[in-house]
Amino acid sequence: MKPGKIRIETTAMDALMVRLFDTIDETNMAWVIAADQTLRKAFGAALIDLVPSYTTLLVHYDCQQVTHTDALQLIHKALSGLTPVDTLAGELHDIPVWYDESVGPELPVVAKRAGISVDELIKQHCNHDYCVFALGFAPGYGFMGLVDEALATPRLKTPRRKVAAGSVGIADRQTAIYPLLSPGGWNILGRTNVPLFEYAKRGDPLFRPGDKVRFRAISRAEFEADGGDTTPMEERP
């Protein structure tokens, strides 16, 4: 899907939000990543940070080097002839997951809501390469999608105080992995031992916007052999 009219919103004295789309779609990423690359070149040393997301890019610039007017002109000029990148250039990550009710307490809940068995739910969750749309919430946390509409499930009404590191969950049509122990309200289906937080801590996050993630179901024995933590998820209050 090609972007419509690009809109730029002021979010701070040194930050602008570039809105390319109004709806979330996997095909957006070819344009979002192209915009990311183009804007980084346009701002050069004056760029403090650039955060791509589902439909937008947040441009944080050094206002001592670039004025607000200059920043607007840079963005318009850079994006005037934008063409999509090859999304196949993103890395495909194979993520082994132990799907089990002890560590994925919402497995039966999501399956029942979708009208399928737990085994079929696991099969369907693993039967798609999910696009990494954005990073946030916690270091290494990638927001991925789009989950099949039949599996889409609202967030928990009462979030958990503690969600174990490596927990794999669904919220609406998104799926994600918790990089470290934290509160959370996603529907947890299983657990992986891939150390997302360790990658992020080294300044080299495993996932980047535009990458793809494929989940692969493994047994408890395989999970334990890889050093996985089998401690059951704590009950919600």
Donor-acceptor contacts under 3.5 Å from residues 107-118 side chains, at least two apart:
{"from": "R113", "atom 1": "NE", "to": "A152", "atom 2": "O", "distance (Å)": "3.4"}
{"from": "S117", "atom 1": "OG", "to": "E120", "atom 2": "N", "distance (Å)": "3.1"}

Only distances under 3.5 Å count here; give the side-chain donor-acceptor pairs of residues 68-81 to other protein atoms, sequence neighbours excluded, each with its distance to 0.1 Å.
{"from": "H68", "atom 1": "NE2", "to": "T10", "atom 2": "OG1", "distance (Å)": "3.1"}
{"from": "D70", "atom 1": "OD2", "to": "T67", "atom 2": "OG1", "distance (Å)": "3.0"}
{"from": "S80", "atom 1": "OG", "to": "K77", "atom 2": "O", "distance (Å)": "2.9"}

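F197 and Y199 have their aromatic ring centers separated by at least 6.0 angstrom. Taking the ring centroids of F133 and Y54, they lie under the 6.0 Å cut-off.
For D36, the salt bridge (Lys or Arg N to Asp or Glu O under 4.0 Å) partners are R40, not counting sequence neighbours.
The backbone N or O of I188 sits less than 3.5 Å from a side-chain atom of E106, completing a donor-acceptor pair. Not one N or O on the side chain of S53 forms a donor-acceptor pair closer than 3.5 Å with the backbone of L57. Side-chain atoms of T38 come within 3.5 Å of backbone atoms of A34 as a donor-acceptor pair (strictly under, hydrogens ignored). Side chain of R214 to backbone of H93: no donor-acceptor contact under 3.5 angstrom is found. Side-chain atoms of N187 never come within 3.5 Å of backbone atoms of A171 as a donor-acceptor pair (strictly under, hydrogens ignored).
The one candidate from S182, P183, P105 that meets the side chain to side chain contact (heavy atoms under 4.5 Å, CB included) condition with R160 is P105. Evaluated for a side chain to side chain contact (heavy atoms under 4.5 Å, CB included) with I95, the options N193, V168, V194 yield exactly one hit, V194.
Among pairs with a residue in residues 43-61, none fulfils salt bridge (charged side-chain N to carboxylate O under 4.0 Å, His left out), at least two apart in sequence or across chains. Judged as a ring-ring contact (aromatic ring centres under 6.0 Å, His included), the pairs with a partner in residues 98-126 (not counting sequence neighbours) are, in order, W98-F223, Y99-H125, H125-Y130, H125-F215. Applying the ring-ring contact (aromatic ring centres under 6.0 Å, His included) test to every pair with at least one member in residues 147-174, sequence neighbours left out, gives no pairs at all.
Of the charged side-chain nitrogens involved, at least one lies within less than 4.0 Å of a carboxylate oxygen, so that R220 and E224 count as a salt-bridged pair. A salt bridge links E9 and R19; the closest N-O separation between the charged side-chain nitrogens and carboxylate oxygens is under 4.0 Å.
For the pair L196/F207, a side-chain contact is recorded, criterion being any heavy-atom separation below 4.5 Å from C-beta on.
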Worked check of side-chain hydrogen bond (donor to acceptor under 3.5 Å, both in side chains) between D148 and H128: CA-CA 9 Å; D148 190 284; H128 185 76; over 6 Å; no
Report the C-alpha distance between E91 and K212 in whole Å, list the side-chain angles of each, state the deciding distance to 0.1 Å, and finish with yes or no for salt bridge (charged side-chain N to carboxylate O under 4.0 Å, His left out). CA-CA 6 Å; E91 188 172 351; K212 295 292 181 70; over 6 Å; no
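Under the 3.5 Å distance criterion, with hydrogens and angles disregarded, a donor-acceptor pair is assigned to the side chains of D14 and H60.
The neighbour count for R216 CZ, taken as heavy atoms of other residues, nucleotides or ligands under 6.0 Å away, is above 12.
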